[in-house]
K.L.:
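This structure is in structure tokens; I'll ask about it shortly.
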Amino acid sequence: MIHKLLQKAKKDKNISLNEMLQLIDEWNTFYNKADQAYWLVNLAERRFIFVSPSCEKICGVPPEAFYRDVEAWKKVIHPEDREKVQKRRSVLWKGSCFEDEYRIIHQQDGTIRWVLDQTFPTFDENGKLAMLSGVVTDITEIRKMREKLLLAEKVYEHVPHAVLITDENGLIQFINPAFTEITGYGAEAIGLSLDFLHSGYYNENFYQTIRKTVIEKGQWRGRLRGRRKNGEVYVQQTTITAIHDEEGRPIFYLFIFSENGETITSLKDDLKLAQEVQKRVLSKPLKTESIDIYGMYVPSEELGGDMYAWYQIDNDRYGIFLMDVMGHGVAASLICMSVRSLLNGVIRKCIYPKEVFHELNKHMRLLYHEDGRMNTYYFTAVYVMVNTKKRFIEYASAGHPPGFLFHKDGLVEELDRGCAPIGLLSYLHVETGKLDYTPGATLVLYSDGVIEEANHSVRANIEMFREKLKSFIHLESRSMIAHMNKMFKEEYQFVDDISLVVAKLH
């Protein structure tokens, strides 16, 4: 700041020294900091012409002492650093600026402090060194922090446990050599989110539960499966701790983990566990005075792309959802888990079919089409909102086979209104349908694995399946599902996943 003032003074020939000192004093009123001291020396007169009051807090010497003795600062410098500082200051006489960190001794309390000394030369019109200006900054706390960080870095380098630190947004800021040794990832991990370490064994709900625990309790401990850079899955004992600032806000998350010695190399074991996770996220049977819902799911492989779920929105409304991701195996299963993690919130917030499908389409486009390459991932779905008080259903089918509403009098209505599959188009034009019912009606939703009979057309297969359902429609939902499951095993080849949901409307 003072150096800039001097440059201004050189350009302005009319400014007097008194005016300049007054201007410095005014600036000092606004910019004076407790950890910085400003000063100005007239070399021709060998005296300080300005020292900011903050110098007394930094070094324990009042400004008046410097005005009386131009050599006062030399006495403040730590004896072991004086000679070194004096030699380095010689660059000033050659027209260069001086910047150095060294120790001083506080003249009142005797404490040793570190300062950053920045000194600037100013020359007169003849090129002769006329003045020196500078700023001294107390960096004691900064040096302590550096030393602590250096110590922590050395500890992290040699501890046998993997250490990983993320910022509040979950982006990796630090890893140690043990992390690289265990996972195979090095510097390329810095700046990334943790997703690339996920093994695929857990859905998003699982990780959200961990995050919630860390936020609410400050720490989470447990065993997790991780995935190395070479694709191998292993088990790690993990501790996750939230690090808070002075106001209690989390600013970093510290992960410490060690390999548990249990390595999973069998793809078969991987798929079995993932299949179990996938089955567990399917909704459990729901039975109330007004509705009775039951479902079944049979994957064609270890993992599939079908998923169903239902939720009680309020006292009188229920949301029933069934989806089928294009394809099979791990990729289809992961998309299922991704959608499942959002579904509860989407249905409870949006409620109605058009809004639910728009929200899910936005999610699919954002997640799987962001880079312009993953443009083959989409899913068909059917969503039904049941109002048990007013006894009607509102539905939409996104490229999905039409569900059936079996009325007690024998009439069967198809749920054939809707839109294109979710994720296929950037915007969906959704046409919804609304059907009234009386007590005793049965709602049946299913995936296309049920109607993929090679010897007939899709339309013929839909009608054949509808006729088969009539044989079991009088049964309660659980018994109906059991009979249908037996029929599928006896008559179907399972070339695709099969899902079936039955809702009895009382």
Side-chain angles (χ1 to χ4, degrees), residues 101 139 141-204 206-215 217-264 270 330-331 334 337-338 341 366-374:
E101 295 179 10
I139 59 169
E141 293 304 316
I142 296 176
R143 290 282 302 204
K144 288 180 180 179
M145 187 179 298
R146 285 184 200 164
E147 291 171 358
K148 289 179 180 179
L149 289 174
L150 179 61
L151 175 61
E153 187 174 328
K154 293 301 180 184
V155 171
Y156 292 152
E157 285 179 2
H158 294 93
V159 295
H161 303 299
V163 177
L164 178 151
I165 298 175
T166 74
D167 62 15
E168 70 275 17
N169 298 315
L171 301 181
I172 297 173
Q173 304 297 307
F174 176 87
I175 59 173
N176 71 335
F179 171 87
T180 301
E181 184 177 345
I182 291 175
T183 68
Y185 290 98
E188 71 271 21
I190 303 297
L192 300 179
S193 67
L194 298 172
D195 296 350
F196 70 96
L197 295 173
H198 293 174
S199 63
Y201 280 76
Y202 317 105
N203 63 8
E204 184 59 26
F206 177 80
Y207 292 110
Q208 287 179 358
T209 300
I210 292 178
R211 284 192 286 269
K212 183 178 179 182
T213 301
V214 175
I215 291 172
K217 298 184 178 180
Q219 191 175 82
W220 180 89
R221 292 183 180 182
R223 294 168 72 239
L224 287 174
R225 285 178 169 82
R227 188 174 297 276
R228 304 187 210 275
K229 190 174 183 179
N230 64 8
E232 186 179 63
V233 177
Y234 68 98
V235 177
Q236 63 187 41
Q237 189 68 33
T238 307
T239 299
I240 307 172
T241 304
I243 300 174
H244 300 86
D245 62 13
E246 293 179 353
E247 297 180 2
R249 294 173 299 193
I251 53 174
F252 295 106
Y253 293 95
L254 171 64
F255 295 70
I256 300 177
F257 61 87
S258 57
E259 193 171 353
N260 207 33
E262 179 183 347
T263 303
I264 302 174
D270 286 1
V330 175
L334 289 176
M337 296 299 100
S338 171
S341 67
L366 179 66
L367 189 59
Y368 298 108
H369 296 255
E370 194 174 34
D371 57 7
R373 292 175 296 162
M374 301 178 67

K.L.:
I'd like to know whether Leu192 forms a side chain to side chain contact (heavy atoms under 4.5 Å, CB included) with Tyr185, so could you lay out the CA-CA distance, the side-chain angles of the two residues, the decisive distance to 0.1 Å, and finally the verdict.
P.N.:
CA-CA 11 Å; Leu192 300 179; Tyr185 290 98; over 6 Å; no

K.L.:
Yes or no on side chain to side chain contact (heavy atoms under 4.5 Å, CB included) for Ile165 and Ile243, after CA distance, side-chain angles and deciding distance?
P.N.:
CA-CA 10 Å; Ile165 298 175; Ile243 300 174; 5.6 Å; no

K.L.:
If you count heavy atoms of other groups shown closer than 6.0 angstrom to CZ of Arg221, is the number above 12?
P.N.:
no

K.L.:
Working to the nearest 0.5 Å, report the span between CD1 of Ile182 and OH of Tyr234.
P.N.:
6.0 Å

K.L.:
Looking only at atom types and distance, does a side-chain atom of Thr183 sit under 3.5 Å from a main-chain N or O of Arg228, one as donor and one as acceptor?
P.N.:
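No, the answer is negative, given that no donor and acceptor are paired below the 3.5 Å cut-off.
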
K.L.:
Verify side chain to side chain contact (heavy atoms under 4.5 Å, CB included) between Leu171 and Thr166, making sure each step is shown before the conclusion.
P.N.:
CA-CA 5 Å; Leu171 301 181; Thr166 74; 5.8 Å; no

K.L.:
To the nearest 0.5 Å, what is the distance between NZ (Lys217) and OG1 (Thr241)?
P.N.:
14.0 Å

K.L.:
Is there a side-chain contact between Leu197 and Phe179 (heavy atoms, below 4.5 Å)?
P.N.:
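They are in side-chain contact.
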
K.L.:
May I have the step-by-step check of side chain to side chain contact (heavy atoms under 4.5 Å, CB included) for Val214 and Tyr253, ending in yes or no?
P.N.:
CA-CA 9 Å; Val214 175; Tyr253 293 95; 3.7 Å; yes

K.L.:
Tell me, please, which residues at least two apart from Thr238 pass side-chain contact (heavy atoms from CB on, under 4.5 Å).
P.N.:
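Residues passing side-chain contact (heavy atoms from CB on, under 4.5 Å) with Thr238: Trp220, Leu224, Gln236, Ile240, Phe257.
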
K.L.:
Which heavy-atom pair separates His244 from Pro250 by the least distance, and what is that distance?
P.N.:
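Closest heavy-atom pair between His244 and Pro250: CD2-N, 3.5 Å.
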
K.L.:
Please report the closest heavy-atom contact between Leu254 and Val163, naming both atoms and the distance.
P.N.:
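Looking at all heavy atoms of both residues, the closest pair is CD1-CG1, 3.8 Å.
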
K.L.:
Look only at the side chain of Asn176 and the backbone of His161, and say whether a donor-acceptor pair between them is shorter than 3.5 Å.
P.N.:
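A pair under 3.5 Å: yes.
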
K.L.:
Can you tell me if CD on Glu181 sees more than 12 non-hydrogen neighbours from other groups inside 6.0 Å?
P.N.:
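Incorrect, the count does not exceed 12.
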
K.L.:
Is a side-chain donor or acceptor of Arg227 paired with a backbone partner of Phe196 at a separation under 3.5 angstrom?
P.N.:
no

K.L.:
For Phe252, enumerate each residue passing the ring-ring contact (aromatic ring centres under 6.0 Å, His included) test, keeping only those at least two apart in sequence or located in another chain.
P.N.:
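Result, ring-ring contact (aromatic ring centres under 6.0 Å, His included) vs Phe252: none returned.
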
K.L.:
Output all residues satisfying side-chain contact (heavy atoms from CB on, under 4.5 Å) with Glu168, sequence neighbours left out; order by chain, then residue number.
P.N.:
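Residues passing side-chain contact (heavy atoms from CB on, under 4.5 Å) with Glu168: none at all.
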
